[in-house]
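Keep in mind that what you see is a predicted model, and the values were worked out from it rather than measured. FYI, the numbering just counts along the sequence from 1.
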Amino acid sequence: MPPMTPEQIATMTASGESETVEFKETTGTRREATMTVCAFLNEGGGRVLFGVTTAGDIVGQQVGERTIEELSDELRRIDPPAFPTVERVLVDGGREVIVVSTGRGASRPYSYRSTAYRRVGNTTVAMSADGYSRMLFERMHNEQRWENQAAVGWTIDDLDVAEIRRTIRTAIGLGRLRELPSEEPVDLLRGLGLLRDDGMLLRAGVVLYGSTERLSAEMPQCLLRVARFRGLDKMHFLDNRQFNGNAFKLLEDGERFLRDTLPIAARFEPDRFERIDEPLYPRPATREALANALCHRDYSTGGGSIGLAVYDDRLEVTSAGSLHFDLTPEKLFLPHESRPWNPLIARSFYLRGVIEVWGGGTLMMAESASSAGLPAPEIEDAAGTVTVRFRHGQFVPQLGRARASSEMRREEVLALLARSEDGLTSREILFYLGPTVSERQVRRALEELKARGLVVSPGRGRSGRWQRTKSHE
């Protein structure tokens, strides 16, 4: 990179100190400055400027070789070793500003004189023990995590080879993978990054493509729990099942459960009479939530699982584990870098077309919910479980799989009549409501609405045109 200029120094100092910039008047405060460099390494990087007052005035200082040596000695006390850039910028009066720059460290957490630091606003503070442990755990995870360890005792014969080939074909068709040299399973697995150099299968390969029988016995955490509860809590359930299998099978099982269980929401658009029947919660959003649970969950404990729970007022998708890499529920609904907890598993989901945009899944979920007229999804990270929660907010007329309630039919009939200036015959109403509603149900709904004074029918028989009463339009 080109050396910094006095003009760049002036621009930086004009904005004052921040999370990424700190001023020191002289290198006599190099210990405090090195604490801040340590904090920058643990956060997102930053610069310390020597020769600038806390008010942002550029005063410079006399700089000799001893000055740089003493500063370098302090920087070498950062552990693990880091190598910030040290620049000297000549300013007015023959004095210099020393700029120490660093990016986010690759081996966090860093400590200085046995203490780790972090940046809070424009101040540097000691990192908490919990924060240090979390950061250390994430560093160890990057180097040696559960999914990239050898699956001892497992071979290619224990995998669903057809599922592997399906992933490869889809990835090539989507342009996400080049043609592989052969169709041999060992070459396909190498193309997916699921084999070690010594030919050992990785645990990620087992999670993605393992046979149900062996997974049930040896990796019970490859489990999906589903339930449909009556009401708003877990006191009474209408359905309660469990599925074992690889990640792609569990994705399919979960989507089938939602398809069979979620009610259908009926709505009408202003420019059309036909009723639009859609799942109460949009499929792209629920599919993304389920895929995220499979990709980002903690597979290291045998008692872990993912879950789908349908209540009268909400849908919850849960997964074992916590949010990592400084992510919070709030940050997930802002543009953010994708840092999957299980990148090998996530890569196969991406190649398969299940995950479309890196780092954009939660944003897509929120957009899909908004387009369906639903509140934004909620994300909760508590007690070692991440929960994605969908609510349907205000009352939405819902149709059961077999038949709709009489109250819902009345609401739908009123909505149809409101869109017609000349009224509708009972046959027209039946046509617009669709095949799930019978002629008898339409007739009963009209009679009930008439008895309440909400509709009138000037004519007789099937040709009579029903209209909303003037007082209720």
With rounding to the nearest 0.5 angstrom, report the [atom1] to [atom2] distance, [X] to [Y].
X	Y	atom1	atom2	answer
D79	T115	CG	OG1	12.0 Å
N246	E252	CG	CD	9.5 Å
L180	R165	CG	CZ	11.5 Å
L308	E255	CG	CD	10.0 Å
S348	N342	OG	CG	11.5 Å
D313	L232	CG	CG	4.5 Å

Is a salt bridge present between [X] and [Y], judged by a nitrogen-to-oxygen distance below 4.0 Å?
X	Y	value
E448	K450	no
R352	E163	yes
R427	E439	no
E316	R389	yes
K249	D253	yes
D312	R228	yes

Are S111 and Y117 close enough, and set up right, to give a side-chain hydrogen bond (donor to acceptor under 3.5 Å, both in side chains), and what steps lead you there? CA-CA 7 Å; S111 60; Y117 295 92; over 6 Å; no
Check step by step if side chain to side chain contact (heavy atoms under 4.5 Å, CB included) holds for L424 and W466. CA-CA 5 Å; L424 297 170; W466 292 85; 5.8 Å; no
Any donor-acceptor pair under 3.5 Å linking the side chain of [X] with the backbone of [Y]?
X	Y	result
R241	V226	no
T318	I306	no
R119	S18	yes
Q441	S438	yes
R47	S101	no

Under the salt bridge (charged side-chain N to carboxylate O under 4.0 Å, His left out) criterion, do R104 and E43 qualify, and how do the steps go? CA-CA 6 Å; R104 178 190 180 100; E43 302 286 344; over 6 Å; no
Closest non-hydrogen atom pair between [X] and [Y], with its separation:
X	Y	result
W154	R214	CH2-CB, 3.3 Å
V100	P84	CG1-CB, 3.8 Å
V207	I345	CG1-CD1, 3.8 Å
A82	L41	CB-CD1, 3.5 Å
P80	P109	CD-O, 3.5 Å
N244	L250	C-CD2, 3.8 Å

Do S305 and R225 get their side chains close enough for a donor-acceptor pair, meaning under 3.5 Å?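 Note: S305 and R225 side chains meet the donor-acceptor criterion.
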S128 and D130: side-chain donor and acceptor closer than 3.5 Å?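 Side-chain D/A pair, S128 to D130: absent.
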Working for side-chain hydrogen bond (donor to acceptor under 3.5 Å, both in side chains), residues T124 and T36: CA-CA 6 Å; T124 297; T36 298; 2.8 Å; yes
How are the rings of W146 and Y299 set to each other: parallel, tilted or perpendicular (split at 30° and 60°)?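 Parallel.
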Parallel, tilted or perpendicular for Y311 and F229, by the 30°/60° rule?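 Parallel: the ring planes of Y311 and F229 meet at under 30°.
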Let's go through D158 and V206 carefully: what are the C-alpha distance in whole Å and the side-chain angles of both, what is the deciding distance for side chain to side chain contact (heavy atoms under 4.5 Å, CB included) to 0.1 Å, and is it a yes or a no? CA-CA 8 Å; D158 300 310; V206 173; over 6 Å; no
Tell me if the centroids of the rings in F349 and F248 come within less than 6.0 Å of each other.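 Centroid separation for F349 and F248: below 6.0 Å.
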Consider side-chain contact (heavy atoms from CB on, under 4.5 Å). Of M365, R314, E378, which one does F390 pass it with?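 Single pass found, and it is M365.
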Test E447 against R443 for salt bridge (charged side-chain N to carboxylate O under 4.0 Å, His left out), laying out the working first. CA-CA 6 Å; E447 292 300 329; R443 187 167 59 250; over 6 Å; no
Side chain to side chain contact (heavy atoms under 4.5 Å, CB included) between Y281 and L262, worked out: CA-CA 8 Å; Y281 305 106; L262 288 179; 3.6 Å; yes
Should we count CD of E367 as having more than 12 external heavy atoms under 6.0 Å?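 Not buried by this count: 12 neighbours or fewer within 6.0 Å.
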Show your reasoning for whether side chain to side chain contact (heavy atoms under 4.5 Å, CB included) applies to T167 and L188. CA-CA 9 Å; T167 298; L188 301 181; over 6 Å; no
